[in-house]
Amino acid sequence: MYLGIDIGSSSSKAVILDARGKILAGEVINLGTGSKAGAEVVERALAAAGLRRDDVRYTVVTGYGRMKYAGADKQITEITCHGKGVVSLYPKARTVIDIGGQDAKCIRLDERGRVANFVMNDKCAAGTGRFLEVMARVLDCEIHALEELAERAKTTISISSTCTVFAESEVISQLSQGASREDVAYGAHKSIARRVVAMAERIGIMDQVVMTGGVSLNRGILRALREESGKRIYVPESPQTIGALGAAILARQNGSGSF
Amino acid sequence: MNKKTDAILRKLSEIAQNPKQSVLALMRRTGKKAIGCFPVYSVEELIHAAGMLPIGMWGAQTDFLHADKYLPAFACSIMKENLELAMRGAYDMLSAVTISSLCDTFKCTMANWHTVLGDKIPVVPLMFPHNRKTQNGVDYLIRELRSIQTRLTEISQKTVTDADLADSMAIYEASRQALREFVALCNDYPVTVDAKIRHLVIKASYFMDRGEYLETLNELNAELKAQPKEDADVVKVVLTGIIAEPDGLLNLLTDNRMRVVADDLAQESRQFRTPARPGLRAIEQMAYRISDQVGCPLLFEEQKSRGRMLIDLAKNNKAHGVIVVLLKFCDPEEYDYPICKAELEAAGIPHLMIEIDHNAKNFETLRTRIQSFAEILQ
């Protein structure tokens, strides 16, 4: 059996594959690096698959917390793992957008499904899940309720500040001037989409575009990304575990000597 | 690695990693005054000929308590570090500093330094010509260098003759040749000379008497050549930018089996890749070295040859890729990047752009970028 673990900034994920590459388990815990979630999510995945630790032949760890996880045979970046995971599900994928808790990544895949180039946000939290968290706080709602608010928007409020902190002030100012919470919520989604699309254009957005990461569960972001990029955005059934799936695939290739 | 090579590398690394102690010890030993040289280009030969020690000022990690009063948050970190360190007294041993007009932040820093520290450590301004390739530009630069020579003579109280300057020029030219030989040798010894060691050997030149540095570097080159070439499974990269620091960045390269096979860094090869024109007076050679320099965004160049130069560096050294180390808020480098990016992509040479703050202390997101690039290149 082969184990892939993805320890991100705000969640930990694990996927187990059997010798033929069939997914036996995929688990998510919404706690990231610096917590015990990395070990816990492995235990959960093993339990779900009805396996013991000894049954795992090879383990690959990825994600922001990969350097701190001691129980893996190899650590590989989330760029490579997300690329690998996406290609296993979407062989024609050429662009991967992964918006996580504290960073956003755009990955370009070549015709053989290998990572050809990538770009990550490097300035601040603009264009990441953290931006949505801040907006949810300002709008006094849970983060998952943001998309429901955004769906009822009548117009788009433009949030011009790139900086998350300045954007918070800007939104408070707009609310005080009478803008509706719904319109502001959709403006927040559009703001993230604009940042991410602008970043992705640095390496070129090519069909098929697949989105991974926890933020892809948000329909408002998907709608905004579709509008900003003009592309259809594919989302896997379990977008949060794609990095862990890629890690598990690499574990299987590595463990069977074909890496 | 043999013991002698190890001893030389240790000595140079120690000096490069402890600039202040190294400079103070050198001043005590030689009894000479020291002149700080702000990046990128200075007048080391003139300072040396005036019997003083030219000291490189490429910043050092510090917390900002004072510099923020004079430079905005979007100023280059090296300039802020230099100003901060000076205001804290770290450069009190210097008799003067040379600051050039190569970018807007340099100009602001020059004025700030003059206002805040001018009474204690005077500024010797160095105004490079914009049109440096025209005869008028070169003639102007020669006059500017003569004017600086007069200022330095006042500080050192030693008259500088053309023969003195020719002697100093000869030492500097020999050391630049030795540095070119060293960076070429690094490619054959990837085990002995990793990314950080390569950098420290070059950096030590800023804190040593240049004659002593030349002697040490010649010894190192001879020792390296006497050893069998090393074969290692490494990812070969070319670095370009102002500076490849802090050391944490270079450690990340080594962690990912990367070796620097060539560079276009302002702190490194841009200092020594352009030889002086033979058959000229030393002051003319100094001016023409600036006029002849190519591929440096701080020196105006209509043809923009940097991208082509990077492609050649990568191909000639069989590099797997190029890493653009973009110093945050460095306008000249930022303006150049899109041009270089397009040319590297057209040539099919993989490249990674990383933005660095010289004062950065955490490298985890940088680790992901560099490791991902290594994974792509493997």
Side-chain angles (χ1 to χ4, degrees), chain A residues 6-9 32-34 60-68 74-84 96 98 100-110 112-125 128 162-163 165-166 199 201-204 243 246-247 250 254 259, chain B residues 72-74 77 233 235 241 248-249 251-258 320-330 333-334 337-358 360 362-378:
Chain A
D6 179 3
I7 305 174
S9 62
T33 184
V60 168
V61 65
T62 188
Y64 190 58
R66 70 188 183 281
M67 304 304 291
K68 301 283 183 207
K74 193 177 178 77
Q75 57 89 7
I76 297 174
T77 64
E78 51 270 40
I79 304 280
T80 301
C81 290
H82 275 269
K84 203 77 180 174
V96 181
D98 170 36
Q102 71 167 17
D103 65 16
K105 307 177 192 76
C106 299
I107 305 165
R108 202 180 74 223
L109 303 169
D110 66 17
R112 287 195 281 175
R114 296 179 310 188
V115 176
N117 206 347
F118 67 94
V119 61
M120 295 168 67
N121 67 316
D122 50 9
K123 294 272 192 306
C124 59
T128 73
T162 301
C163 168
V165 178
F166 287 161
M199 186 170 75
E201 281 174 347
R202 282 158 58 183
I203 53 170
L250 290 165
N254 215 25
F259 183 58
Chain B
F74 51 82
S77 41
D233 180 22
V235 178
L249 164 65
N251 289 337
L252 287 179
L253 299 185
T254 304
D255 288 350
N256 289 287
R257 296 191 299 106
M258 286 177 163
H320 296 96
V322 173
I323 300 181
V324 181
V325 187
L326 196 60
L327 184 65
K328 198 173 272 188
F329 307 125
C330 178
E333 290 279 330
E334 286 171 349
Y337 173 63
I339 302 168
C340 294
K341 176 179 186 278
E343 291 184 0
L344 287 166
E345 283 174 354
I349 294 176
H351 84 280
L352 170 72
M353 189 274 278
I354 51 172
E355 198 178 45
I356 60 151
D357 181 335
H358 192 247
N362 184 295
F363 304 100
E364 286 314 301
T365 54
L366 205 52
R367 178 186 294 280
T368 298
R369 284 182 175 81
I370 289 172
Q371 187 180 342
S372 297
F373 190 52
E375 287 168 1
I376 289 173
L377 296 180
Q378 280 165 14

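Computed over heavy atoms, backbone and side chain alike; hydrogens, waters and symmetry mates excluded. Chain naming here is simple, since letters A, B, ... match the order of the sequence lines and numbering starts at 1 in each.
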**Q** What residues form a ring pair (Phe, Tyr, Trp, His ring centres under 6.0 Å) with His351(B), not counting sequence neighbours?
**A** Tyr337(B)
**Q** Most heavy-atom pairs under 4.5 angstrom with chain B, which of Met67(A), Arg114(A), Lys105(A)?
**A**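 Result: the option with the highest number of such pairs is Met67(A).
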**Q** In chain order, what residues pass the salt bridge (charged side-chain N to carboxylate O under 4.0 Å, His left out) check against Asp357(B), with sequence neighbours excluded?
**A**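 With neighbours one apart ignored, the set is empty.
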**Q** Among Ile76(A), Val115(A), Ile79(A), find the one that has a side chain to side chain contact (heavy atoms under 4.5 Å, CB included) with Ser372(B).
**A** Ile79(A)
**Q** Determine the minimum heavy-atom distance between Glu375(B) and Thr77(A), stating which atoms define it.
**A** OE1-OG1, 2.6 Å
**Q** Taking all heavy atoms of Arg369(B) and all of Phe118(A), pick out the closest pair and write down the distance.
**A**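 Shortest heavy-atom contact: O-CZ, 3.3 Å.
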**Q** Heavy-atom distances under 4.5 Å only: say whether Leu352(B) touches chain A with side chain, backbone, both or neither.
**A**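 For Leu352(B), the contact with chain A is made by the side chain alone.
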**Q** Evaluate Gln371(B) against Thr80(A) for side-chain contact (heavy atoms from CB on, under 4.5 Å), listing each step before the verdict.
**A** CA-CA 10 Å; Gln371(B) 187 180 342; Thr80(A) 301; over 6 Å; no
**Q** How many angstroms lie between CE in Met353(B) and CZ in Arg202(A), if you round to the nearest 0.5 Å?
**A**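 Spacing of CE (Met353(B)) from CZ (Arg202(A)) equals 5.0 Å.
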